[in-house]
Amino acid sequence: MIKILDVKQVSNDEIFARTAPTINVESIVTEIIENVKKNKDKALYEYTAKFDKAELNTLLVSDEEIEEAMGLVEPKFIEILEKAAKNIQKFHEKQVRNSFVINDEEGIVIGQKVIPVDKAGLYVPGGTAAYPSTVLMDSIPAKIAGVKEVVMVTPPGKDGKVNPAILAAAKVAGIDKIFKVGGAQAIAALAYGTESIPKVDKIVGPGNAFVAEAKKQVFGTVSIDMIAGPSEILVVADGKSNAKYVAADLLSQAEHDKMASAVLVTDSIELANKVSEELEKQIPMLERAEIARASIDNNGKIIVADDLMKAIDIANEIAPEHLELCVDNPFDYLDSIRHAGSIFMGRNCPEALGDYFAGPNHTLPTSGSAKFSSPLSVDDFVKKTQYTYYTKKALANVAYDIATFATKEGLTGHAKSAVIRLEDE
C-alpha cells in the first residue's frame with residue numbers, strides 16, 4: 001500500500017527520498033563496448049544471438065520488411081500515428097533557432113551559424129517495452145533540425161523481425177535506416193561505427209540499465225540526450241480532485257517499471273485516503289499489476305501539505321519528470337512551477353496525453369535533473385558555430401585594449417598577435 005506522509009510529522013529526508021537503482025553493470029558494458037569496437041558486425045551478430053535469441057543474416061531492415069509491417073498494423077493505428085506525428089511536428093517547428101549576424105559597427109561583422117549534426121542515432125527498446133511513440137518523439141525533432149541521416153537501432157524478436165508497430169512509426173517519421181540490434185552493443189555500434197552501422201554524432205532514446213550505462217560511457221565520443229532514470233510522475237491535486245482520476249494517473253507511470261516513482265502532493269487528507277483506496281482497487285485490474293504493485297509499494301508516496309503553494313514548493317524540490325497540476329485555473333500556478341520536465345495542466349490532462357499525442361516531447365529529464373536540464377527538442381540536434389570579421393581599421397581601434405587584457409593574464413603571445421599588425425604602420 002502507498003505511504004501517506006504529513007509534512008508536519010515527517011522529516012524532509014523522507015519527503016524527498018528517491019530510491020536509486022542498485023544494479024551495477026559498468027564492467028559488463030565496458031566489455032561489450034570494447035568487443036564491438038574491435039569486432040564490429042561480428043560482435044553484433046553474436047550478441048543478438050545471445051541476448052535476443054535471433055540468428056540474423058543481415059542487420060539492416062529491408063524496405064520489404066517495412067512494407068510488410070505496414071500491412072500488419074491496423075489502418076486505424078497508422079492514422080493515429082500520422083495524427084500524433086503532425087502534432088509533434090507542429091510543436092517542435094516552433095523550436096527552430098535561426099542563425100544571426102550583427103553588423104552595427106563599421107568594419108565589424110560577428111555572427112552565429114546554427115548547423116544540424118550530420119547523423120543522429122535513435123535507440124528504441126524492443127520486446128515488452130516496444131514504444132512506437134518514442135520513434136516519433138525522438139526522430140521528428142531531428143528531421144526538423146535538418147539532420148541528414150537518422151539511424152534507428154532496435155532489438156529484434158526471436159524470429160529476427162522488428163515489432164511491426166515500431167517499423168510503422170519509423171515509416172511515418174521518415175527514418176532513413178533501421179538496424180536490428182539492441183542493448184549496450186547497439187549504443188557502441190552507433191558511437192564507433194561498424195561495417196553495417198554508421199557512426200553517428202548524437203545518440204538519443206531510452207533503454208534499460210545497460211543502455212543507459214553504455215550512453216554514459218560513449219559520451220564524449222558522441223553526444224547523448226541524457227541519462228534517463230526510472231519513470232516519474234508527481235500529481236499536485238486539491239481536495240476537489242477526483243480520486244479515481246488521480247489514482248489512474250499515478251498508475252500510468254507505476255506500470256512502467258518496478259523502480260518507477262508515483263507521488264501525489266495534496267492539501268487534503270481526505271483526498272489522500274481516497275486515492276490510497278482507489279489504488280488498491282485499480283492495481284489488480286492492470287495487465288502489469290505486479291510491476292505497478294512493486295512501484296507503488298516501494299517508491300510511491302502521498303504527501304499531505306498545508307496548502308497548494310506548499311505543495312508546489314515540494315514539487316519544485318522533487319523536480320519530477322512529469323507534473324500534473326489537478327486544480328481549477330491551473331494557469332494561475334504555472335509561473336510558480338520552476339522545476340519539472342513537462343507540466344500537465346488542469347483536471348482533464350492525463351500524463352498519457354503527453355506520452356502519445358499532444359505534441360510536446362515525452363523524452364524528459366528524470367531523477368531531479370529537471371532542475372538543470374530540458375526535454376528533448378530540436379536544439380538537441382543542432383550545434384552552433386560563431387564567426388568574427390574585423391577590418392584592419394577596426395582591429396587597430398581595439399588592438400591595444402586586447403593586448404592589455406592579454407598581458408593582465410600573462411599571455412604575451414596573445415598580446416603580440418593583436419598589435420603586430422599595427423607595427424608596420
Working to the nearest 0.5 Å, report the span between [atom1] of [X] and [atom2] of [Y].
X: Ile224; Y: Lys216; atom1: CD1; atom2: NZ; result: 10.0 Å
X: Asp118; Y: Asp201; atom1: CG; atom2: CG; result: 5.5 Å
X: Phe344; Y: Glu324; atom1: CZ; atom2: CD; result: 7.0 Å
X: Ile197; Y: Gln185; atom1: CD1; atom2: CD; result: 9.5 Å
X: Glu65; Y: Leu60; atom1: CD; atom2: CG; result: 8.0 Å
X: Asp138; Y: Ile203; atom1: CG; atom2: CD1; result: 12.5 Å

A side-chain contact here means heavy atoms from C-beta on lying under 4.5 Å apart; do [X] and [Y] qualify?
X: Val151; Y: Pro198; value: yes
X: Lys240; Y: Asp328; value: yes
X: Cys326; Y: Asp238; value: no
X: Leu376; Y: Met137; value: no
X: Ile80; Y: Lys76; value: yes
X: Met226; Y: Thr363; value: yes
X: Met152; Y: Phe179; value: no
X: Ile32; Y: Ile187; value: no

Least distance between heavy atoms, [X] atom then [Y] atom:
X: Arg18; Y: Gly368; value: NH2-N, 3.3 Å
X: Ile402; Y: Ala418; value: CG2-CB, 3.7 Å
X: Ala170; Y: Ile178; value: CB-CD1, 3.6 Å
X: Ala319; Y: Lys371; value: CB-CG, 3.6 Å
X: Ala85; Y: Leu136; value: N-CD1, 4.2 Å
X: Val147; Y: Pro116; value: N-CB, 3.9 Å

Next item on the list: Would you please classify the geometry between the His256 ring and the Tyr131 ring as parallel, tilted or perpendicular, with 30° and 60° separating the classes?
Entry: perpendicular
Is the closest side-chain donor-acceptor distance between [X] and [Y] under 3.5 Å?
X: Ser261; Y: Asn299; answer: no
X: Lys113; Y: Thr385; answer: no
X: Gln253; Y: Glu351; answer: yes
X: Asp401; Y: Thr404; answer: no
X: Asp355; Y: Ser133; answer: no
X: Gln217; Y: Thr30; answer: yes

Return yes when atom [atom1] of [X] has more than 12 non-hydrogen atoms of other residues, nucleotides or ligands closer than 6.0 Å, and no otherwise.
X: Phe405; atom1: CZ; answer: no
X: Asp159; atom1: CG; answer: yes
X: Lys384; atom1: NZ; answer: yes
X: Glu31; atom1: CD; answer: no
X: Lys40; atom1: NZ; answer: yes
X: Glu287; atom1: CD; answer: no
X: Phe219; atom1: CZ; answer: no
X: Phe51; atom1: CZ; answer: yes

Report yes or no: does [X] contribute a side-chain atom to a donor-acceptor pair with the main-chain N or O of [Y] at less than 3.5 Å?
X: Asp313; Y: Ala315; answer: no
X: Thr154; Y: Val124; answer: yes
X: Tyr123; Y: Gly183; answer: yes
X: Ser373; Y: Ser369; answer: yes

Taking NZ, NE, NH1 and NH2 as the nitrogens, is one of them in [X] or [Y] under 4.0 Å from a carboxylate oxygen of the other?
X: Lys83; Y: Glu79; value: yes
X: Arg288; Y: Asp257; value: no
X: Glu106; Y: Lys393; value: no
X: Glu67; Y: Lys171; value: yes
X: Asp176; Y: Lys148; value: no
X: Glu68; Y: Lys161; value: yes
X: Lys416; Y: Glu423; value: yes
X: Arg338; Y: Glu317; value: no

Notebook entry, point to check: Does the salt bridge (charged side-chain N to carboxylate O under 4.0 Å, His left out) test come out yes or no for Lys215 and Asp225, once each step is laid out?
Noted result: CA-CA 9 Å; Lys215 287 170 70 177; Asp225 50 354; 2.7 Å; yes
Next item on the list: Show your reasoning for whether side-chain hydrogen bond (donor to acceptor under 3.5 Å, both in side chains) applies to Glu14 and Ser11.
Entry: CA-CA 5 Å; Glu14 193 168 357; Ser11 68; 4.9 Å; no
Margin query: Quick one, Val235 with Leu250, criterion side-chain contact (heavy atoms from CB on, under 4.5 Å). Give me CA distance, side-chain angles, the key distance, then yes/no.
Written below: CA-CA 8 Å; Val235 179; Leu250 292 173; 3.8 Å; yes
Next item on the list: Take Phe381 and Val204, measure what side-chain contact (heavy atoms from CB on, under 4.5 Å) needs, and give me the verdict at the end.
Entry: CA-CA 10 Å; Phe381 299 97; Val204 302; 3.8 Å; yes
Notebook entry, point to check: Can you check side-chain contact (heavy atoms from CB on, under 4.5 Å) on Val419 and Tyr400, steps first, answer last?
Noted result: CA-CA 7 Å; Val419 300; Tyr400 288 103; 3.7 Å; yes
Check: Please walk me through it: do Asp52 and Tyr47 pass side-chain hydrogen bond (donor to acceptor under 3.5 Å, both in side chains)?
Finding: CA-CA 8 Å; Asp52 303 305; Tyr47 284 130; over 6 Å; no
Next item on the list: Take Lys42 and Glu46 through the salt bridge (charged side-chain N to carboxylate O under 4.0 Å, His left out) test and state the conclusion after the steps.
Entry: CA-CA 6 Å; Lys42 180 175 181 290; Glu46 290 173 351; 2.8 Å; yes
Check: How far apart are the C-alpha atoms of Ser295 and Lys258, what are their side-chain angles, what is the distance that settles it, and do they pass the side-chain hydrogen bond (donor to acceptor under 3.5 Å, both in side chains) test?
Finding: CA-CA 5 Å; Ser295 169; Lys258 291 181 179 180; over 6 Å; no
